[in-house]
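All figures in this text were calculated on a predicted structure; none of them were measured in a lab.
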Amino acid sequence: MTSLPVSGPEGPIRPAAVSGPPPAVRAVLFDFSGTLFQIASYADRIRAAMGDPVEEALMEVMLSGLEAGLANPGVVAAQRGRDVSSAAHQHAFTTWYASVPELAPIAESLYEQLRDPALWVPYADSEATLSALADRGIALGVVSDVGWDLRATFGHHRLGHHFSSWVHSYEHDTEKPDPRLFRHACRELGVGPGETLMVGDHPAKDGGAVAAGLRSYVLPAGAVTGSHRGVDAVLRLAGLEQS
């Protein structure tokens with residue numbers, strides 16, 4: 001286990017021992033949603049679940065209801081510990097969907113869409129980046145706060161063969177940034193935390209890998225479905241391309 005220096009408000013209390021450059025990156029861990037994949041839009045999913053054309057005015061009401069629902073006390077309460085089990089994950093999402101009266105009858109259907117591999121879209125640079133890393137001998141793993149097994153989704157898009165470790169939060173009764181998740185992936189890949197880079201889109205959760213001794217790269221928010229996500233920057237961070 002990597003020993004991290006104790007820090008005060010302004011920085012480390014004792015200077016860290018300098019022993020040369022950091023070790024080479026031998027493994028990269030990826031988050032799932034918002035990092036390598038994004039799901040189809042809420043509007044498209046609502047139309048599919050309802051099975052009938054939806055007037056734009058009604059769609060706006062429902063989308064606004066989902067936004068407002070995020071501040072609903074019952075919805076907020078349901079999100080706590082959302083990713084520690086499959087049951088908690090399903091309860092959190094269906095509670096949120098059902099907070100919109102028009103969506104309550106299809107809340108379960110909307111949740112089942114999350115498990116549908118065909119509704120998830122890889123970002124435009126995901127496949128090329130994963131292939132380049134794997135071709136250069138970099139071990140790859142997934143560490144995701146999620147309520148179901150992701151292997152079917154990666155397999156559907158022919159990306160699963162790149163990965164040798166799958167760490168789903170619901171299988172470990174905890175969530176990121178719990179260091180145990182990152183360290184478990186490192187053990188499965190046979191690498192040390194200091195040789196591993198975590199890539200995700202959540203500063204607290206994915207950036208929290210630093211506390212476990214890993215390096216971390218946090219992507220900016222706001223990517224459009226199917227667009228270039230910026231994960232190809234990992235090739236440079238792993239020392240496979242010149243900056």
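Linking ILVMFWY side-chain heavy atoms closer than 4.5 Å, directly or via other members, places Val25 and Leu214 in two distinct hydrophobic clusters. In the hydrophobic cluster analysis, where Ile, Leu, Val, Met, Phe, Trp and Tyr join through side-chain heavy atoms closer than 4.5 angstrom, Val54 is grouped apart from Val61. Tyr170 and Phe163 fall within a single hydrophobic cluster, where Ile, Leu, Val, Met, Phe, Trp and Tyr side chains are chained together by heavy-atom contacts under 4.5 Å. The hydrophobic clustering, which links ILVMFWY residues whose side-chain heavy atoms are closer than 4.5 Å, places Leu240 and Met198 apart. Clustering ILVMFWY residues whenever any of their side-chain heavy atoms sit less than 4.5 angstrom apart, transitively, puts Val143 in a cluster other than the one holding Leu237.
Ring pair Tyr111/Phe93 is tilted by interplanar angle, where 30° to 60° counts as tilted. Trp96 and Tyr42 have perpendicular rings, their planes meeting at more than 60° on a 0 to 90° scale where under 30° would count as parallel. Using cut-offs of 30° and 60° on the angle between ring planes, the pair His168 and Trp166 is parallel. Taking the six-membered ring for Trp and thresholds of 30 and 60 degrees, Phe32 and Phe37 have ring planes inclined between 30 and 60 degrees apart.
Taken to the nearest 0.5 Å, the CG atom of Leu150 stands 5.0 Å off from the OG atom of Ser144. His162 contributes atom NE2, which lies 9.0 Å from atom CG of Leu133 (distance to the nearest 0.5 angstrom). From Glu108, atom CD reaches atom CD1 of Ile106 across 11.5 Å, with rounding to the nearest 0.5 Å. Between Asp145 atom CG and Ser33 atom OG the span is 10.5 Å, to the nearest 0.5 Å. Taken to the nearest 0.5 Å, the CZ atom of Arg82 stands 13.5 Å off from the CD atom of Gln90.
Taking both residues in full, the closest heavy atoms of Gly194 and Arg215 are given as O-NH2, 2.7 Å, listed atom of the first, atom of the second, then distance. Counting all heavy atoms, side chain and backbone alike, Ser165 lies closest to Val167 at OG-CG2, 3.7 Å.
When side chains are defined from C-beta on, Asp116 does not count as touching Glu112, because their heavy atoms never get closer than 4.5 Å. Residues Arg45 and Leu114 meet the side-chain proximity criterion, which asks for heavy atoms closer than 4.5 Å. Using a 4.5 Å heavy-atom threshold, the side chains of Ile46 and Leu63 count as touching. Residues Asp178 and His172 form no side-chain contact, since every pair of their non-hydrogen atoms from C-beta on lies 4.5 Å or further apart. Side chains of Arg80 and Val76 form a contact here, defined as non-hydrogen atoms less than 4.5 Å apart. By the 4.5 Å heavy-atom criterion applied to side chains, Asp83 and His89 are counted as neighbours.
In this structure, a donor-acceptor pair under 3.5 Å is present between the side chains of Ser64 and Glu60.
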Open item on the list: One pair to check against ring-ring contact (aromatic ring centres under 6.0 Å, His included): His157 and Trp120. What are the steps and the verdict?
Closed with: CA-CA 9 Å; His157 295 279; Trp120 289 93; 9.3 Å; no

TODO: For side-chain contact (heavy atoms from CB on, under 4.5 Å), just list the numbers for Leu66 and Met62, CA-CA rounded to whole Å, side-chain angles, deciding distance to a tenth of an Å, and then say yes or no.
DONE: CA-CA 6 Å; Leu66 285 174; Met62 291 187 288; 6.0 Å; no

- [ ] Please step through side-chain contact (heavy atoms from CB on, under 4.5 Å) for the pair Leu29 and Leu189, ending with a clear verdict.
- [x] CA-CA 10 Å; Leu29 308 178; Leu189 295 176; 3.7 Å; yes

TODO: Could you check Leu130 against Phe30 for side-chain contact (heavy atoms from CB on, under 4.5 Å), going step by step and ending with a plain yes or no?
DONE: CA-CA 10 Å; Leu130 296 174; Phe30 286 94; 3.6 Å; yes

TODO: List the steps, then state whether side-chain contact (heavy atoms from CB on, under 4.5 Å) holds for Val231 with Tyr217.
DONE: CA-CA 9 Å; Val231 292; Tyr217 175 51; over 6 Å; no

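A salt bridge links Glu56 with Arg47: at least one charged nitrogen is closer than 4.0 Å to a carboxylate oxygen. By the 4.0 Å N-to-carboxylate-O rule, Asp31 lies close enough to Lys176 to be salt-bridged with it.
The environment of Arg180 atom CZ is sparse: at most 12 non-hydrogen atoms of other residues, nucleotides or ligands sit within 6.0 angstrom. Annotation for Glu188: atom CD counts as buried by contact number, over 12 foreign heavy atoms lying within 6.0 Å.
Checked by atom type and distance alone, the side chain of Gln79 pairs as donor or acceptor with a backbone atom of Val75 at under 3.5 Å.
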